Amino acid sequence: QAGAAEPLRIGSKRFTESYVLAEVLARQARASGTAVTVSAGLGNTAVVAAALAAGSIDVYPEYTGTIARELLQRPDIDTLPALQAALAPKGLGVAVPLGFENGYALALRADVADRLQLRSLADLARHPELRLGLSNEFLGRADGWPGLAAHYRLPQQPQALDHGLAYQALEAGNVDIVDAYTTDAQVARRGLRLLADTDHWFPGYQAVLLYRLDLPQHFPAAWAALQRLEGRIDASRMAALNARAEIDGAAFEVVAREALDGSAPPS
Ligand code: PBE
């Protein structure tokens, strides 16, 4: 039957960590003897999730808070079993927490934070003059700017900024605040401050696999291999891997090999 020779299709979103993780999945699946294709950087969350729903890919790395807020519009759920129950009617599954969270935060330069005494998101309400440069996805998401601004009563009118350019714009002083991902290499490297979310308005964003429910039957060896990625990468390691790709310029495949070599063998 023709299906036997079809490759496992892995997708990713358009930011460094997603590219790296897609190659981690690919490497792990290939080691099980499974043919794999990677559709790297397909687009933002909505685009990659649509590709999964349509059956053009089988699996991609996603984050629990993103699944709950952006894909399911279910801010009330945050555990894996609850997400699984909500996804199953759509033919989708979520599993294999990789061992870290990568959440949203607002970031600024340390000198600006000190000068204006900015520590928390609520502190921003006192400074309408601050210039915010936020990525398009963050500007549009329910778990992004619209909800955040409403919750903390923030008066600024943000401008749209590509996430790949955000840190340079911050360093150059063209904007004062950007949206950061907490495992971004640039946060530590540039000594940026993250404003505390004292009300815990942002959800948790555990890195997990979002997949089509028919994947385990079609690719049992690959699925067994992918499950062994559970808990293999912690947040500081993920930030270091992001730095290898983004700061050192290492190829995503190379970084993926380092990710798997450097972590403890599966138990
Ligand atoms: N992130 C940070 C998430 C949301 C928070 C970029 C990892 C994402 O949906 O891709």
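Not measured: the values here are computed from a predicted model. Note that these values count all heavy atoms, side chains included, but never hydrogens, waters or copies made by symmetry.
- Rounded to the nearest 0.5 Å, atoms CG (L21) and CE (M238) are 4.5 Å apart.
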Would you be so kind as to tabulate the donor-acceptor pairs closer than 3.5 Å made by side chains of residues 210-217, with sequence neighbours excluded?
residue	atom	partner	partner atom	Å
R212	NH1	L52	O	2.8
R212	NH1	A53	O	3.3

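- Summarising the geometry, atom OH belonging to Y181 is positioned 11.5 Å from atom CG belonging to N242; distances are rounded to the nearest 0.5 Å.
- Evaluation of the salt bridge (Lys or Arg N to Asp or Glu O under 4.0 Å) rule for R126 yields D123 as partners, not counting sequence neighbours.
- Residues that satisfy the salt bridge (Lys or Arg N to Asp or Glu O under 4.0 Å) test with R189, not counting sequence neighbours, are absent from this structure.
- Between the CG atom of L108 and the CZ atom of R115 there is a distance of 10.0 Å, given to the nearest 0.5 Å.
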Please list, one pair per line, the donor and acceptor atoms closer than 3.5 Å that link side chains of residues 144-151 to other protein atoms, with sequence neighbours excluded.
residue	atom	partner	partner atom	Å
H151	NE2	D199	OD2	2.7

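- V175 shares a hydrophobic cluster with L161, Y167, L170, V178, V187, L192, L194; the chain of contacts runs through ILVMFWY side chains whose heavy atoms sit under 4.5 Å apart.
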Could you go through Y205 and D143, starting from their C-alpha distance and side-chain angles, then the distance that decides it, and tell me whether this counts as side-chain contact (heavy atoms from CB on, under 4.5 Å)? CA-CA 11 Å; Y205 294 92; D143 54 340; 2.7 Å; yes
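- Contact detail for I247 and A185: the closest heavy-atom pair is CD1-CB, 3.9 Å.
- With sequence neighbours left out, R14 forms a salt bridge (Lys or Arg N to Asp or Glu O under 4.0 Å) with no residue at all.
- Shown are L92, L71, I77; of these, the side chain to side chain contact (heavy atoms under 4.5 Å, CB included) with L83 is made only by I77.
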Under the criterion side-chain contact (heavy atoms from CB on, under 4.5 Å), I'd like the reasoning laid out for V24 against L98: C-alpha separation, chi angles, the key distance, then a yes or no. CA-CA 11 Å; V24 168; L98 297 174; over 6 Å; no
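- Identified under the salt bridge (Lys or Arg N to Asp or Glu O under 4.0 Å) test for residues 21-43, with sequence neighbours left out: none.
- A distance of 8.0 Å separates CD in Q186 from OG1 in T16, rounded to the nearest 0.5 Å.
- Counting all heavy atoms, side chain and backbone alike, L260 lies closest to L229 at CD2-CD2, 3.5 Å.
- You'll find the side chain of P203 stays beyond 4.5 Å of the side chain of D78, heavy atoms only.
- For S18 (side chain) and S12 (main-chain N/O), no donor-acceptor pair under 3.5 Å exists by modelled atom type.
- Across all non-hydrogen atoms, the minimal contact from A29 to A222 is CB-CB, 4.0 Å.
- Taking D176 as the reference, L130, R131 meet the side-chain contact (heavy atoms from CB on, under 4.5 Å) condition, with sequence neighbours excluded.
- In this structure, Q28 CD and T34 OG1 are separated by 10.5 Å, a value rounded to the nearest 0.5 Å.
- The two residues A235 and F100 have their closest heavy-atom pair at N-CB, 3.4 Å.
- Counting only heavy atoms from C-beta outward, the side chains of E258 and D261 never approach each other to under 4.5 Å.
- In terms of modelled atom types and a separation under 3.5 Å, the side chain of Q159 and the main chain of G133 share no donor-acceptor contact.
- Closest non-hydrogen pair, G43 versus V48, comes out as O-CG2, 3.6 Å.
- Distance alone, capped at 3.5 Å, places no donor-acceptor pair between the D179 side chain and the L106 backbone.
- No side-chain donor from either of E70 and T45 sits under 3.5 Å from a side-chain acceptor of the other.
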What pairs of donor and acceptor atoms, side-chain ones from residues 57-67 against any protein atom, are under 3.5 angstrom apart with sequence neighbours left out?
residue	atom	partner	partner atom	Å
D58	OD1	R9	NH2	2.8
D58	OD2	R9	N	2.7
D58	OD2	R9	NE	3.2
Y60	OH	E62	OE2	2.7
E62	OE1	K13	NZ	2.8
E62	OE2	K13	NZ	3.2
Y63	OH	E17	OE2	2.4
T64	OG1	G204	O	3.4
T64	OG1	Q206	N	3.0
T66	OG1	R141	NH2	3.1

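- For the salt bridge (Lys or Arg N to Asp or Glu O under 4.0 Å) condition, the pairs that include at least one residue of residues 148-172, sequence neighbours left out, are E171-R190.
- Counting only residues at least two apart or on different chains, no salt bridge (Lys or Arg N to Asp or Glu O under 4.0 Å) pair has a member in residues 90-108.
- L154 is connected to F202 through a chain of hydrophobic side-chain contacts under 4.5 Å among Ile, Leu, Val, Met, Phe, Trp and Tyr, so both are in one cluster.
- Looking only at side-chain heavy atoms (C-beta outward), V208 and P97 come within less than 4.5 Å of each other.
- Counting heavy atoms from C-beta on, the side chains of Y104 and E137 come closer than 4.5 Å.
- Note that the OG1 atom of T37 and the CD atom of E6 stand 10.0 Å from one another [nearest 0.5 Å].
- Listed by chain and residue number, nothing satisfies the salt bridge (Lys or Arg N to Asp or Glu O under 4.0 Å) test with R69 (two or more places apart in sequence, or in another chain).
- No continuous path of ILVMFWY side-chain contacts below 4.5 Å connects F15 to L42, so the two sit in separate hydrophobic clusters.
- Taking hydrophobic clusters as Ile, Leu, Val, Met, Phe, Trp and Tyr residues chained together by side-chain heavy-atom distances below 4.5 Å, V38 shares a cluster with W223.
- In this structure the side chain of L118 never reaches within 4.5 angstrom of the side chain of R193, judged on heavy atoms.
- The shortest distance between side-chain heavy atoms of D184 and H163 falls below 4.5 Å.
- By the criterion of side-chain heavy atoms lying less than 4.5 angstrom apart, applied directly or through intervening Ile, Leu, Val, Met, Phe, Trp or Tyr residues, L25 is not grouped with V254; the two fall into different hydrophobic clusters.
- Linking ILVMFWY side-chain heavy atoms closer than 4.5 Å, directly or via other members, places Y19 and L165 in two distinct hydrophobic clusters.
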